[in-house]
Structure formats: structure tokens, C-alpha cells
Amino acid sequence: MRWTQTFIPTLKETPADAEILSHKLLLRAGLVRKLTGGLYTFLPLGLRALRKIENIVREEMDRAGAIEVAMPCLQPPDIWQQSGRYTTAAEVLYHVLDRARKEWVLGPTHEEVITQLAAFEINSYRQLPKNFYQIGVKFRDEIRPRFGLMRAKEFIMKDAYSFDVSDEAAMVSYRKMYDAYTRIFARCGLRALAVEADTGVIGGNYSHEFMIPAETGENEVVYTESGSYAANVEKATSRGPLTPTPTNDTGTAPEKFPTPGVVTIEALAAPPFNVAAHQQIKTLVYLAEAKPILILLRGDDQLNEAKLIARTGAAQFRPATADEVFAALGAHPGSLGAVAATLRSPGLPVYADLALQGAAGMTTGANEDGFHLRHVNIARDIAVTQWADFRTVQPGELDVASGQPLKSRRAIEVGHVFKLGTKYSEKMNALFLDESGRQHPCVMGCYGIGVTRTLQAVIEQCNDKDGIVWPLPVAPFSVCITPLNVAPNAPAMTLAEELYHHLTRDGVEVLLDNRDERPGVKFKDADLIGIPLRVGIGEKSLAKGEVELKPRGGSLLAVKTGEAAAQVLAWLRAESARFQPPA
RNA sequence: CGGGACGUAGCGUAGCUUGGUAGCGCGUCUGAAUGGGGUUCAGAAGGUCGUGAGUUCAAAUCUCACCGUCCCGACCA
């Protein structure tokens, strides 16, 4: 492709609405342009990189035995009613009306469509297993689109759905996808981390996320240095807090004492009270299905909402407002407690974190503004409805299995694999007959890759001060030929054309920078758009019978003009081998 | 949806406090010189100051409403 015949609008300055580096580079390198918040037009360079990723995904899915299909974006609402997600996923669903005022939804994902297909088409165990996938557009009414392609209202996703006869068979399908994902991200030049994950609204009981470590990521990952354990912080567990919970019972009954104006853990930990945070019981009030519940944590712990949601199974869930708290407990946040004697309504469910088990000599709110209770023995004084792990793991705590200290870092979620079970197949009648003629629901799995997000994650991970540094497999072009004199009969241009035709004939994707620009402009642009190999052709080196090969981010290599094409091909072969995962 | 910031030419911005001629840099166009890391000089085009209302002799500037963008939180690939 000749530079002047395509459209690569590079920018010297960064548009003000881009915050993170990859978003700035997407715009500066002319890969995308914003239509409006959360909606982007892909320009030629961005589209080429996107297609590269799609093709890697497609190759690996095919290799793993998945079957490509294409499902509609526009979907009838009744299948969403049938699965129950018309209400549980209501926030992300776009609704559209046709001429007859009939309602449709824009698909945010395709479990309903594929399960309906399976319900009609799959009848026998002889047809299983099957794994269908597609690469296509998803629509989600995001609460807050963010960071360019990272969180958009419309984005490209690869989604796959497996159908199996049993749990064990489903695990085999799951494992195949897990392995395919590992290969996909390696081929994209990404260092991805597979982490244990919470399953969220999609449901199911077993799941991994593929994470790209990045400071700008929206997720937090907890892991051991050896790699033996890695989990989303929403799911992560540990051996518990580093400081032990006090358990020595003072033998004294709870005693109320005045704490005027003290409404935070820190204030109570400070003089004159000096009650260390881990000696306090933190009491939180949430509304689950509009009913108040109490959650107890150690004062120095943070609630992990994902764990709480998983435990309560509530679809509607939120922290209570100060007014709602007062209505339920008769005191304001900062003076709350769960000591049975202080509760107005003894039936209030109390969920307590395991770190509090056996806790004694604790201090907590008295459910009376300006007062706390000390000498609280949780077993004696608090009626706990359910004990479970509700706390957020903190870095430095020890891994449950290996005892290694846990670390924490931020990451971008680019893929997610779920074992779904029979949640959808039961609701939508995706049943099959086994060898003995008995009917069973298919055991499903679902597997997503955010393709547009992966594109941006590559940029976020592969860049330097001059711009993007594309890994060869996803680069929009492999080679950029940069003649410094583009006059039709100039030796540099003649050689550039020759090399361009030669390499193109050999199947290399070449960008020929035939713009009549000064060398500095061309070099800066080539660096910005990040083409892996630049071939510089100018009079100085031509005089020596040479051209320059300049790998992006590497050092200059002078080669004889006659060997240029062969050298380029050799470099590309060697480079592409670096991204080949083991078979 | 809650909290915050912002909206002036294609992009980046000044001007707003204290109302009175809309300015700069980049980019674009023309011409010349230059030609190995965003070159220089000369000239030119390009602006409903987000939209609407209000205050005023007069509004980019003050007031209100609306729209939009970005950031933090809840959601997620």
C-alpha cells in the first residue's frame, strides 16, 4: 500500500479527551476516530490491526475444533425473557422499536441465541460435543464508556459456546478453550495471565479471566510470585489477615462507652480510645432485594462485594443509604453494631467474615449515635446467620495453598472462560437423548475475547516514547519502506518501488511512504504508527550501495541493496518465529 | 445514576476574575529556499466562542436551563 493512497491521519498533538496512553496512541497514530462517547470509527490502519487479531483468534478457534457461525445482533426480547436475563441484564440491554412499535434488543452477548439453536438442532448425544463461535459486534449500554476502545457501547467480541453431555466432557471443552486463549494472546505478542474469576451475571460455577498486566487496567489481580496462584481480587482468598484477631475473652459483658463524634475506624484507633483497627468490628448495611442485611468485618478489612453477592445470591443489591441505615438500626453509620441486645429487629440477617471467628474483646458500634461497645465476644453476643469469606485480600497475606506472600497488580481483562453448566440449557430446553434414551440438558460453557479491547491492550503494553511498537503478528503492515526522495526517477524511489513490488509479490504487507515529506516527518510517523521493520532508502547509503533496515525499537542495520529483499524476508521469518507458541 | 472538571478554527490552547476589536502554536492552502529525525521565510484561508433563554446600550466573558465530553464510583470483554 502506498501511503498517499490510503488514509493515515497522524496527529502531532494529543486530543484532550484521551487519558490513557493506548487511547492517545490510537488517535495519534490514526487508527481510530471517535464518533461520540463509546463509539469509534476504525480507520485503515486500525482496521488492519483488528483483522490481524481476528484472524489469529479464528485460526486458534478452528484449531481447537470450534465451529464458526454468525448470529444476529438484532434479537427478539422473548428469548431474553425465557433465560431470565431480560431483567437481570436489563441495564446493559439496548432496546429498539420497529415501525409497528414492536420491541427488539441489540445483543450484548449470544447465549440465548445459540442455546435456542442448540434446542432446535441438537437432539442426540451423538451430535455432541459441539462448540460454536463467532466474531462480531456486541452492544452494551455501558454505564460509563471509558478509555477509547477499552469500554465501549459497541465492540467486537469473539464469543464461543460449548455443548457437552456431561460435566467431565464440559471440562474438556473448557480446557481446550483455555489452551486456545493462551496461544491466542501469545501470538498477539501479549503477556497474558490466566486468573481465577468471579462469574458475575453470566452465571456458572467455574471461570478464568485472561488479564494483561497494566497500570491502567480496571481490574486488580492477586498472585504469587511463582505463578502458582493468580485470581481476580473479587475472587481471591488468602490465609487471612496478617495480624491475628483477638480471641481472649475478658469474661466481661459488653460495656457501652461514650465516643462523641467518632464515626470512623481510624478515629477510634486514635487517642484517646486507642482501639486498634483489627480489634474493631466493622458493621455494614446493604439492601438485598430491598431487605436490609448486616455484614460484619474486622475493622482493618474491606468488604468484597462480589463475594457477598455470590453468597447471598441476591439480584438486587446495594449499600443502604444513611437514612435507610437509621431506619433499620436506629443509629447512623459510624455507630453501628450487630450485638443482639442492641438490635431493634432481631431477625436481621447477619453475615460475618471468617476472620472474625472466635473474636473476643472486640469493640463495635452500640447502635446509638456517639456510643460504642467494648468486651464484645462475637460467639456470645452476636447472632451470626452465616459465616463466610467476605473480605478483600490484602497484598502481603499468604496464599492458601503454598503459603507464599500474595502480590497485587492492576490488569486489563481481555478474555473470559466460563463453565456455565445447565443454567441456559434448562431454561431454553436445549436437551439431548443419551445412549439409553433419557433426556438431559446440555452442559454448556461460554468463552469471550474482547477483540477491540485486545487491540488496545496490545498498544498499552507495546509502546515507547515515540509511539506504538507493534508485535509483528498484529502489525497493520510488516514493513515500511521510506525513500527519502520520492521524485519519480530518483534512485531512492526507483529502488523503493522495486523492493515494494518484490516484497509484495512474496506476500509481505508493505507500506510505501511515498509522501513528499522531509525525512524527519517520515521517520517520526513511521515510529508513531509502529511498523515492525522500516527500510530507509536515501542518497547517503545508496552512495555506498546500501539501504538501511531499522527494526522498530531496535538498531540500524546496513545491507547491500541487492540483498535487501532477502534480508527483509529473513528478518520477518525470524521475528515471526518469536511469537509462535509451542505446538 | 451520584461526585468532580470542562466545552473558543481540523488538533492543542489564551482570553472569562474586572462585559466593549476573538489571539497564539500545530495542521491546511499558495510561493520560495531547504532536503537523513516533526526545516525556514513570506503570504492566505479557516471561528454560529456547545445550544437556548436571561441580565445589559453591549456577553466568549455574568445568570439559568439544556446538550455534549472527560475523570472518580457501581457494570463488564
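Side chains are part of it too, since the values below use all heavy atoms of this structure and drop only hydrogens, waters and symmetry mates. Bear in mind that the values here come from a model prediction, so they are computed numbers and not experimental data. Letters A, B, ... are given to chains in the order of the sequence lines, protein chains preceding strands, and every chain is numbered from 1.
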Enclosure of A:Lys176 NZ (heavy-atom neighbours >12, cutoff 6.0 Å): no
Gap between atoms CZ and C1', on A:Arg151 and B:C70 respectively (whole Å): 16 Å
Stepwise side chain to side chain contact (heavy atoms under 4.5 Å, CB included) test for A:Thr452 and A:Phe42: CA-CA 10 Å; A:Thr452 38; A:Phe42 276 83; 3.5 Å; yes
Out of B:G38, B:A77, B:G36, whichever nucleotide has its closest atom nearest the side chain of A:Leu484: B:G36
Sugar-phosphate only, base, or nothing, as touched by A:Asp141 at under 4.0 Å among non-hydrogen atoms: nothing
Centroid-centroid distance, A:Phe210 to A:His416, less than 6.0 Å: no
A:Glu91 and A:Ile143, any side-chain heavy atoms less than 4.5 Å apart: no
Phosphate OP1/OP2 of B:C76: any A:Arg453 side-chain N/O under 4.0 Å: no
Under 3.5 Å on both distances, the Watson-Crick or G-U partner of B:G23: B:U13
Distance, rounded to the nearest Å, where A:Met177 contributes CE and B:A77 contributes C1': 16 Å
Min side-chain heavy-atom separation A:Lys524-A:Asp466 under 4.5 Å: yes
Under 3.5 Å donor-acceptor pair, A:Asn485 side-chain atoms to B:G35 base atoms: no
Any donor-acceptor N/O pair under 3.5 Å between B:C70 base and A:Arg146 side chain: no
Nearest-neighbour nucleotide for the A:Lys34 side chain, B:U69, B:C1, B:A77 considered: B:U69
Position toward the 5' end of RNA chain B (nearest nucleotide), A:Asn219 or A:Gly520: A:Gly520
Sugar-phosphate, base or nothing in reach of A:Val521, heavy atoms under 4.0 Å: base
Ring centroid separation A:Phe132 to A:Tyr161 under 6.0 Å: no
Sidechain N-carboxylate O distance under 4.0 Å for A:Arg183, A:Asp179: no
Distance-only donor-acceptor test, A:Arg140 side-chain atoms vs B:C76 base atoms, 3.5 Å: no
Distance, C1' atom - from B:A22 to B:G46, rounded to whole angstrom: 14 Å
Sub-6.0 Å ring centroid separation between A:Tyr206 and A:Tyr174: yes
Distance, rounded to the nearest Å, where A:His110 contributes NE2 and B:C76 contributes C1': 17 Å
Touch class at under 4.0 angstrom, heavy-atom based, for A:Ala457 against every strand present: nothing
Close residues, residues 533-552 of chain A, relative to RNA chain B [heavy-atom separation under 4.0 Å]: A:Arg534, A:Gly538, A:Glu539, A:Lys540, A:Ser541, A:Glu548
C1'-based separation of B:G19 from B:G54 [nearest Å]: 15 Å
Sugar-phosphate only, base, or nothing, as touched by A:Tyr447 at under 4.0 Å among non-hydrogen atoms: nothing
Mate of B:C76 where both pairing distances stay under 3.5 Å, Watson-Crick or G-U: none
Paired nucleotide for B:G54 [Watson-Crick or G-U wobble; both distances under 3.5 Å]: B:C62
Separation of atom CG in A:Asp527 from atom P in B:G38, rounded to whole Å: 12 Å
Partner nucleotide of B:C49 by Watson-Crick or wobble geometry (both distances under 3.5 Å): none
Paired nucleotide for B:G31 [Watson-Crick or G-U wobble; both distances under 3.5 Å]: B:C41
Closest-nucleotide ordering on RNA chain B, the 5'-leading residue of A:Glu19 and A:Glu234: A:Glu19
Nearest-angstrom distance, P atom, B:G4 to B:U40: 45 Å
Distance flag, aromatic centroids of A:Phe147 and A:His23, threshold under 6.0 Å: no
Euclidean distance for C1', B:G38 against B:U28 (whole angstrom): 16 Å
Integer-rounded Å distance: B:A74 P and A:Gln302 CD: 12 Å
Rounded interatomic separation in angstrom, taking CG from A:Leu26 and P from B:C70: 14 Å
Proximity to the side chain of A:Arg518 - top-ranked nucleotide from B:G37, B:C75, B:G35: B:G35
Which nucleotide in B:C1, B:A77, B:G38 has an atom nearest any side-chain atom of A:Ile143: B:C1
Whole-angstrom distance between B:C49 and B:U34, as gauged at atom P: 44 Å
N/O to N/O distances under 3.5 Å, protein versus nucleotides 2-13 of chain B:
from	atom 1	to	atom 2	distance (Å)
B:C11	O2	A:Glu13	OE1	3.4
B:G12	OP1	A:Ala16	N	2.4

Under-4.0 Å side-chain N/O to phosphate OP1/OP2 contact, A:Lys12 with B:G27: yes
Flag side-chain contact, heavy atom, 4.5 Å: A:Glu59 against A:Arg187: yes
Distance in angstrom units between A:Met61 CE and B:A77 P, rounded: 15 Å
Between A:Tyr286 and A:Tyr351, ring centroids under 6.0 Å: no
Span that lies between the C1' atom of B:A14 and that of B:U8, in whole angstrom: 9 Å
Aromatic stack A:Phe155/B:A77: centroid gap under 5.5 Å, interplanar angle under 30°: yes
Nearest-Å distance for atom pair CG/P, residues A:Leu528 and B:G37: 18 Å
Under-4.0 Å side-chain N/O to phosphate OP1/OP2 contact, A:Lys138 with B:C76: no
Separation between the P atoms of B:C11 and B:C64, rounded to whole Å: 29 Å
Separation between the P atoms of B:G68 and B:U51, rounded to whole Å: 15 Å
Complement of B:U69, any strand, by Watson-Crick or G-U distances under 3.5 angstrom: B:A5
Heavy-atom donor-acceptor pair, A:Glu209 side chain to A:Val195 backbone, under 3.5 Å: no
Flag side-chain contact, heavy atom, 4.5 Å: A:Val32 against A:Leu43: no
Touch class at under 4.0 angstrom, heavy-atom based, for A:Glu218 against every strand present: base
